[in-house]
Amino acid sequence: MNDRKLWDVNTPAEDLNNDLLMAENSEDVGRTKVIKYQLNSQRRKELCQLQGIEYSSIFVDIEPTLLPKILVLIGQRHGQSELYTALLSLGPELTSFVDTKAIIKEKISYHSKELARLNSWLALKELGDSKHSGGAEQGSGNNEVAEEGSKKRQRTDH
Amino acid sequence: MSSSEEESDQEVEDEFYQAFGDHTGISNDFREAIDLIKDNSNQIDEVDIGIYDSFPIVGLGQDTSHFNNLAWMLFGRYIANNTHLKNIDLTNCNITDRKITLFFSELVRSSSLKELILGDNAFSIEGVRVMVPFLRNAAKLECLDVGDNNNLDTECFELLVSTCSESSTLNYLDVRDCNITDISALERFSLTSKLTVLHVGSNNIGRQGFNILSNLLQQEGSVLKAIGLSNTGVGDDETEMLANSLKHNTSLEALYLDKNNIGKRGCIALLKLVNDISSIESTYSSNRTLTKLVSDEFEGRRFRTVPKDFRVSEQMKRELENALM
């Protein structure tokens, strides 16, 4: 069984409501049966009862890295209610699947970089402000000249 | 045309008239059809007695009841000489050993036939023996149906199987309701490596018969796509046996199990075969080929796939039906 292909959310699953009729080859039939019967907790419960099998979680034997894809498939094929049921039973697995240390390290790294960026921005801003205030003094003298020139033109006009 | 050829033609026409003329009671339509077959017309490639509402399917059930010995012989000769005829259906024509002997004495030279249906007639081992030379010679024959012949028996079946095993083209054999009690010939002559369809329904093949079929279905070379086991006394034990043998079979699409005695245990075995819910791997690798457990039977607008007479809950039937599709 090719797990990657089986759980590939980009491979269009056959129309489950059309009862496997759309499945084009043998592998599709197998995949459709898994999605239709194993990923639907209600149907699986009923079938377990009919076949005299004890109902238990299907997620135990699944590689944790595939869980997100499986959840996507459950949501896509069986709706929010089934997704919610799956999430309930998958909560601990999903949490344990998260590498907290790596995430904290990543966050620290991110925030360190952000801090450095902000510091450098602040430094540049302060530098810019000081330059700006010097330039502003020079600018007021020019205004006076301009005003003077204006007056001169006024005089000429009269 | 020389005078001898003219005489010969006249003889042929005289024979035709004697066998199929107005006085015989054979209908005009059927007489015309036989005439076309005699003249090797390409307008007819199928002779079907009993169904008469569309051309080129020709012949009325009562027409062959008017056949005298000469008619049966000539009918065989005309068909043998015709190079266009592919299918002949002589179901329920009251063909006795005498008639079939006359018919096959001429039909033996036929080389175009692909399908020969002789169901529901009255011939016995003698009739099967005269069929043998034809079967050996029929280079294109794909389908042989001798079902519903109450005068046949296991000996006839063995003779048919041994002869058909020599054929390189035959893939369909219908021997339902022929008083067969032993099908071990299938194993002895390796016929299931050639047959795609085998109907042995309404025969009392016994537990040994189901054992043989189970073994054959597990063989790698089996090409069987359909097995008819209706009304053969299949119970839960036999169903479990057959279901186990189909776990790794990738050729069988239909296993007709209607009119048997199948209850919950057998039904669960079939359900597990096509959808084992015990694990993802089991569901994925469940049998993907088997899709029908009943021969074409309409319910509403669609074909049924599970027999009505399974003694299980409607939910079980529904789940089995869903998984088969």
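No experiment lies behind these values; they were computed from the predicted model shown. We name chains A, B, ... by the order of the sequence lines, and we start the count at 1 in each one.
Contact count against chain A (heavy-atom pairs under 4.5 Å) is highest for B:Asn275 among B:Asn275, B:Thr289, B:Asp276, B:Val274.
Taking a cutoff of 4.0 Å between a charged side-chain nitrogen and a carboxylate oxygen, B:Lys264 and B:Asp236 do not qualify as a salt bridge. Using a cut-off of 4.0 Å between Lys/Arg side-chain N and Asp/Glu carboxylate O, A:Arg43 and B:Glu319 are scored as salt-bridged.
For chain B, the nearby parts of A:Leu50 are the backbone and the side chain; heavy atoms of each come within less than 4.5 Å. When heavy atoms are compared at a cutoff of 4.5 Å, B:Val312 does not approach chain A at all. Using a 4.5 Å cut-off between heavy atoms, B:Ile268 contacts chain A through its side chain alone, with no backbone atom that close. Of the two parts of B:Thr291, neither the backbone nor the side chain holds a non-hydrogen atom closer than 4.5 Å to a non-hydrogen atom of chain A.
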CA sep, side-chain torsions, deciding dist, call: B:Thr91, B:Asp120, side-chain hydrogen bond (donor to acceptor under 3.5 Å, both in side chains):
CA-CA 6 Å; B:Thr91 299; B:Asp120 201 3; over 6 Å; no
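Between B:Asp258 and B:Ser230, the side chains place a donor N or O and an acceptor N or O closer than 3.5 Å (distance only, hydrogens not considered).
Between B:Tyr172 and B:His199, the ring-plane angle classifies as tilted under the 30° and 60° cut-offs.
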